[in-house]
Structures are given as structure tokens and as C-alpha cells.
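Order of the sequence lines fixes the chain letters, A, B, ..., with proteins taken first and strands second; residue numbering starts at 1 for each chain.
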Amino acid sequence: MTTPLNAESAPVTTGRSATPIILDSNGYAGPGGTQQSPLLDGLNPQQKEAVEYRGQALLIIAGAGSGKTSVLTRRVASLLETRDAWPSQILAITFTNKAAAEMRERVHAILGQGSDGMWISTFHSSCVRILRREAEKIGLSSTFSIYDSADTKVTLKRIIKGLDADTYGFTPGSAGAKISKLKNELADADSYARNANMSDPQEVMFVEIFRQYQARLRAASALDFDDLIGETVYLFRAFPKVAALYRRRFRHLLVDEYQDTNHAQYALVHELTRPVTPELAQEMEDDGVHVRNLRDASGAIPGASLTVVGDSDQSIYAFRGADTRNISGFERDYPGARVILLEQNYRSTQNILSAANAVIGHNFDRTDKKLWSAGGDGEKIVGFTAYSGHDEAQFVSDEIQVLHAAGMAYRDMAVFYRTNAQTRALEEILVRSATPYRVVGGTKFYERAEIKDALAYLIAVANPVDELALRRILNTPKRGIGPATETGLSSFADDNELTFRQAMRNSAALGLGPKVTGAILELAELLDAAALMLVPTSVTDDGVPVGGANVSEVLEFLLNGSGLLAGLRNSRDPQDEVRAENIEELVAQTKDFNKENPDGGLVDFLTQVSLVAAADDLDDASGTVSLMTLHTAKGLEYEAVFLTGVEEGLLPHQMSANEPGGPAEERRLFYVGITRARKRLYLSLAMTRAQFGDINVAMPSRYLQEIPADLIDWKQSPGMANSRGGTQPRALNARRDGGFGGFGNSLGTGSNDGYGGRSSYGTSKQPVGLPPGKPKTEWANKITGTVRDNGGLELQAGDRIRHHDFGEGRVNQVTGEGTKRIAHVQFDTAGAKKLLIKIAPIEKI
DNA sequence: TTACAGGTGCTTTTT
DNA sequence: GCACCTGTAA
């Protein structure tokens, strides 16, 4: 379950009066006396200073595993304990809702008292909260919808179709990415148009797409993810008095993961920490807003104190507009800022840290920072080169079982990968080995079609002008309302300046068939009736409305009235049974929501659902292995980490190659992955990887050779590359003394015998490796021409073969063409495998 | 209007 | 390998 939305705290206009102690020129006054606060127990000197420092601006450079969360939490607790702040004066911004919930809990645990009124949430949640309050000021309904990327895509698709913009090469994806990027820079269609080369028809078209997109969102009273930040900045800039109220309220701002803030978020932080001018402060006072005890000698309200925590080495969201200059320019932006470095690592063994340091050291243009641990070297990193993605998954699964047998809980293990597509092979194998696992993020629950359908009903009730939601449910379940009718309704609405919903109510005027008209009216009435359910039946003396239906009641009413659930239940498609169960799960979630948020309304529920992050649905209590992308892994830690797919093209990813700073960002991603591990780290790669349904040969990642050889114990090494040929990435940190086959080498010559490097078994002292030089001779004998197809090996069903590792087996079938011919082999002991004939270590017998 | 068949293109990461 | 799109038949 996700983090409950906090009950709304007191509105700013009635906020409690503030404590006068905001600034302390000497830093920290201390909680009195010589006694050290228990808050500082077990902290090192740098951490202590980070907790106790009092001043306008503080930058904490926190290396991975340096106790950042603990410091941040204690700092908040300390601010409260020393009476430097009331809870309601604190705004702490975290990266995920989960981190926010954790922080809230820990502050509560430390202080044992209410942290009520404190805002601990993500950038997006905080902004929604502000925007819902101030919505009418910027021409929005307070029940505005929040569009996710899928909603954006659908909207853009319609616009592009309407403009025939695909002839200019625009796709919903490309246009969406560009718009998002601009919004992160706080640009809008007009400002973009002013600077664009408008003699370029493509630019003109883009501006038009951008304009129409914005207009559609407006008409639907909707904001996309980027707008949530951008519109809040706009609100503060356009309405100084509104901004002043929030500046007055939030006296202490704390921002986690500052290296991942984009320009819009940076601007937001700036707006919130700006001083209130004497004139404005006076105006507020005249309006009856209590500010006197906050004003300084000049009559102004000084800017709030700002604490940011970050680590540029862990910046992995540049593709989303994150700009590390925000962190590197902090001292320039906030003159007199204090900078504290946390370098001692409390998480990982020294071997893991040494690997991490070595890797990240290859990024230039960074302030050198070396993590160190007092915890000893620990185990070596385990390396494994698999034959295929499935083989790799098998290795991971086997090792998980070994660790588990040795007493490690499943929940303490995690498997990381670069792309979501890699889960397929992993899941297949984990299911087969009955390993309990869960995919964190991935295809998220709320992104499933049936869930989006059900939610669209709720959105249509909460925000009646949202055309997107209405059109989604118009013919779901099937009501005989086809695309022709849908566009008919839409243009009818446009022509008569009606909303889509009003057009539905007036559908009789369209002259459609009685059946279709009836279906449209029935849906409109259902939604109207649901909206009525929400209206409170009475009001208490304090003005609190009572009697309105809660979220689950409305949802169940809609599901029954629309027949959505019944339709799935009665379907003969077995998949629909699962979909029905998912909807039941959603109903259960609304009931949980009611319980956890007695005051929460429909809009609150929808907001919470819109803003869940991948990492939020992590349930620490579940005894399962966690599978997730490297991006999702940030901020988490595990006893044992499997970092899979450490291959060229995957890590670094192919797509990053053209982007400026791409390879460096990929390296940081690798670094983030490594530093998640506490005790055991496994790096694995595959020599072939299935992609887009066919199989490709993969190369070991360049980052592997950046790790000192003595830190890795290769169970199966990719082998030593290549002294001849020379175009391929060079030797990995395989042991130099052994005679490894040349994985990279043989690729370089356009051929491959498969398991060049299989001869090494890491710590094994047996001379299993081929003598140096011998492999070369062997290849020299075998290689004829540029491409060798495993010596021209022809296989057909029925043939017996011998495999280097799997032993003997029988070929059941041969599929594919040319270099991608695949033998489906039933091995006598190793089971069924698919092998790429060209490179598999096999011979016919 | 719906259902289905066949073709196409695609994946980096996410609030 | 799959999701999505398009075109066709009922």
C-alpha cells in the first residue's frame, strides 16, 4: 500500500505564531547546558555538525551510505527539540513518498510527539497541495486532474492527428519529451516561439502542438507532472502575496537528493526561500496576518533557512532535466552557505566501496570524494559471465538460493537491471525455482488498463470537465459508442462551446440513433448521480461537512452502474478474470484509504494515486527478493545485490551514447547500483542477449575493467581481451595470469567460439585455464575468413552434441537463419536449452 | 460498430 | 516478443 496522504494541516492564514529564533549568528545555541542531546548519539563529527548547524544555508554533500537519512531526520528533530522551529514551519522534500513516510516515522519515533503540521513530501505532492488550495487564482478547478505520461501521450496523439503533424516527423513521444524538457526549464509555448526559428515549418508546427496541448489541458482543468512544479512557481511569481504566505509559513526548508532537481524545482526552492519585502510584510500585517515576530530590523521577513542534501556522483536523472549545477552552484546561489562533507560509509564493505570509488573516479569534472568504511574488506565481489540472459538469470537464482540456505532472508536481496525488459528472463527463472520475488515499479498497478478505466470514472466525477477521462470511459465497457460518435460529440462540444460532459447531456441534439443516444445519456446520468453522492448532507457547527459518500462507496456505485466489473466477470477471456480481480483490489485500496484518511475525499485519493512512485510500493515486510531498475534502486540498500546485464549497449545503454554526458551518467548509474550493496555484490553479464525477439551478441561493459582485478572473484570470466585486432574494448579485469579465451578478441575478428573465458573458475587453483597462447593457436587454426559459423557446424533435429558446460544432449529442433540459427537442445542432465549455434561451445558427436 | 487478422516498430531510465 | 495500428469482414 502506498503512503497515506497526510491530513491537511492548518491553512497558512491561521497558522500558529512563529518562534522568534530563526537565525543564530553563532550557529548553534545548543539545547542548553553541557549535556549532549541524545539526538547526536553515535554520530561522527561531520554528521553532528550537519544536525546542529543553524544558519541560512547548509549544503550536505553526502556520499552513498553516509548516514544521510539519519542526519536529515535528526536535523528535523533537532530543529524541533531546540525550539528553532514549530513542526508547521518545516517543509522537507524527499524523492519518494516512501522516503517521506520513513522520515515522518523516524522523527515521530525520536520525539515521541506529534509532527503534525510538518510537511514531509515529494516536490510533486507539495505542489499539488499548494495548487489545490490556490487553484482558482490561476484559473483552475481545485479538483484539477493530474495527467500522467500516458494521458499526455493520448492527448498529443489526438493533436498530432488533427494537425497532420506526423508528416513533420512528430510522434506523441517526441513532442511530449520536448514539451516536458521545456517545461522543466519553465518555458511555455509563447516564450519558446519568441526564441525559435519560426521560418522553420517544423518549429512552427511544434509551437502549434505545444499551444494546443496546453489549451486542451486548460480546458480539461488538468496539469501534467511538469506543470505541477511550473505552475506553482508561476503562482508564486504572479501572486507575491500568496508567495509571502508560504514564505512566512515555511521557515525551514530541507531538500533531499538535491543533485536531481531540475531548473523548475530549483526555482521553486528559490521562491520559497526568498525574503518577504518590508512593504509586503507590512501589507500582510495590515491584512491581519500575524508576522511581527518574524520581521527583522528593516521590517522584512528574512528568507527561510535552507538545507540541501545531495551527491553529484549519484545524479542519474539528467534525462529528466536534473542539473547538477544546482548543487555545484549552491555556494554561489546562497553566499555564506556552510558545506559539510560526509564521506564515511556505514553501509558497505571496503571491497564494495573500493570498486565504487574506482568506477566513479573515471568520471572527470567532479570533486573527488572517497568513500571509506571502518567495517573491513568483506567478501570479494562475485563476477559471472553467462551464455545468455536466461543463463544469467539461472546464476542469479542459484546464488539467491545459496544465500538463502546460508541464512539470508529473501527481503535482504535485490536484483538490479538497466531496462525493464530484462525482467522477463529473470522472472521466468525465478518462477521456475519457486523463489519469492517482486518486481518493484515495472508495469505499475495504476497503469493497468482496467485500473485506469476504473479511475477514469472517478476522475470524471471529481473533475467533470476532464474530456480525456470521459472519452476513456465512453465506450468502456462496450456500449456501442464507436469512434465516429466520439468525435461527433467532441466537435459538437467545440462548436457549441460546451464541455464534453455537457455535450453528452445534450446528445439528443446530435440526431444519433436512439440506442446510442440512450447509452450516452445513461452514462451522463450515472456520473451525475455519483457526483451527488459526494455532496455532504449537513454541516457541523464548525463548518465541517458531513454525510458525503466516501471513495469506495462512489467507486462501487460506478462499477455497478456501469457494468464494468460485471462485464469482465462474464467475459470468456481468461485474462478478464485477472482484470476483475485487479479492480477488486482497487476497491480494497479505496477502503484502506477511507480507514487511513477519514477526512480524505475523492480528490485526495486520486492525487495520491497519481503521485505514487515506483519505489513507493516497496513493502519491507514482504519476504521477497526485490527486482528493480537501477534508477528505482537509488536510496535503497540491501545485504546482497545482483547487478545484472553489465554489458555494452545495456550499461552504458545504447541510447545514451549520443547524448552529451551520457556515458558519464551511465557510470553514475553503475556506481549507484554498486553502492546499494551492504555485504555481497554480484556483477553479471551475458554474452548473448535476446532483444526485440531475436538474439544478439553482447560485449562486456567498459565499466567492468575500471574495477581493480583483485576485487572481483570471477566465477566465470568474460576473458581477457585482446592484444591483437585492437578495435574491441580491452581486457577486462580478468586475471592476467590465467589463459582466458578471448571473448572480446574473437568478436573482434568477427567470430566467436562462445565460451572463450569459461576456463577460469576464479579462486580455483586448478589449472583449468588453457595455457597462455594456446587459445590463439586454436583460433588461428579454426578461423578461416572473416566470419566463422562455429566451424560451419550444421545441426539438425536428432543430432547428439556435447556442450562445454551442459554435457551431452540431443538437438530437438533448429530455428532461425544464418548467424542467428538456434539449436533447441534437450541435455541429458542440464535440461532444455536454446543455443546460438554460431557461438555456443558445442561440438557434434 | 465490433472482432479479428496481419503488419509494424519499438524500449533507457521516471515524478 | 509484444503492443499497437490498420484494414477487412460480418
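When each of B:dT14, B:dT1, C:dC2 is scored by its nearest atom to the side-chain atoms of A:His631, the top-ranked nucleotide is B:dT14. Of the candidate nucleotides B:dT13, B:dT11, B:dT15, B:dT11 has the atom nearest to the side chain of A:Phe692. Listed nucleotides B:dT11, B:dT15, B:dT13 differ in distance to A:Arg418; the shortest reach to its side chain belongs to B:dT13.
Here A:Phe319 lies parallel enough and close enough to stack on the base of B:dT13, with planes under 30° and ring centres under 5.5 Å apart.
Atom CD of A:Glu427 is separated from atom P of C:dG1 by 15 Å (rounded to the nearest Å). What separates CG of A:Asp226 from C1' of B:dT14 is a distance of 11 Å, to the nearest Å. Atom pair A:Lys153:NZ and C:dA3:C1' shows a separation of 10 Å (rounding to whole Å applied). At whole-Å resolution of the value, CZ in A:Arg424 and C1' in B:dT12 are 15 Å apart. B:dT15 atom P lies 17 Å from atom CG of A:Asp227, rounded to whole Å. Nucleotide B:dT12 holds its P atom 16 Å from the CZ atom of A:Arg689, rounded to whole Å. Rounded to a whole Å, the CD atom of A:Glu257 is 15 Å from the P atom of B:dT14. Distance, A:Glu648 CD to B:dT12 P: 17 Å, rounded to whole Å.
Between A:Lys452 and A:Asp148 there is a salt bridge, since a side-chain N of the basic residue sits under 4.0 Å from a carboxylate O of the acidic one. A salt bridge does not link A:Arg448 with A:Asp453: every distance from a Lys NZ or Arg NE/NH1/NH2 to an Asp or Glu carboxylate oxygen is 4.0 Å or more.
With A:Arg676 contributing its side chain and A:Leu636 its backbone, the two residues share a donor-acceptor pair below 3.5 Å.
Contacts of A:Tyr317 with the nucleic acid, taken as non-hydrogen atoms under 4.0 Å apart, involve only primed sugar atoms and P, OP1 or OP2. At the heavy-atom level, A:Ala690 lies nowhere under 4.0 Å from the strands shown. In this structure, A:Ser610 reaches neither bases nor backbone, as no heavy-atom distance under 4.0 Å exists between it and the strands shown.
Residues that satisfy the salt bridge (Lys or Arg N to Asp or Glu O under 4.0 Å) test with A:Arg325, not counting sequence neighbours, are A:Asp323. Applying the salt bridge (Lys or Arg N to Asp or Glu O under 4.0 Å) rule to A:Asp466 yields no partners; only residues at least two apart in sequence or on another chain are considered. Residues passing the salt bridge (Lys or Arg N to Asp or Glu O under 4.0 Å) test with A:Glu637 are A:Arg347, A:Arg678, sequence neighbours excluded.
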Could you pull out the protein-nucleic contacts involving nucleotides 2-6 of chain B (nitrogen or oxygen on both sides, under 3.5 Å)?
residue, atom, partner, partner atom, Å
B:dT2, OP1, A:Asn475, ND2, 3.4
B:dT2, OP1, A:Gly480, N, 3.3
B:dT2, OP2, A:Asn475, ND2, 3.3

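Applying the 3.5 Å distance criterion, the base of B:dT15 shares a donor-acceptor pair with the side chain of A:His124.
Spacing of P atoms, B:dT13 relative to C:dC4, comes out at 15 Å, to the nearest Å.
The residue among A:Leu611 and A:Ser656 whose nearest nucleotide of DNA chain B lies closer to the 5′ end is A:Ser656. Mapped onto DNA chain B by nearest heavy atom, A:Ser149 and A:Gln691 fall at different nucleotides, with A:Gln691 at the one closer to the 5' end.
Taking side-chain N and O atoms only, A:Thr629 has no distance below 4.0 Å to OP1 or OP2 of B:dT12. OP1 or OP2 of B:dT14 sits under 4.0 Å from a side-chain N or O of A:Thr632. The phosphate of B:dT12 has neither OP1 nor OP2 within less than 4.0 Å of any side-chain N or O from A:Asn420.
Note on residues 646-670 of chain A: pairs passing ring pair (Phe, Tyr, Trp, His ring centres under 6.0 Å), not counting sequence neighbours, are A:Phe670-A:Tyr703. Screening residues 158-178 of chain A for salt bridge (charged side-chain N to carboxylate O under 4.0 Å, His left out), with sequence neighbours left out, gives A:Arg158-A:Glu486, A:Lys178-A:Glu203.
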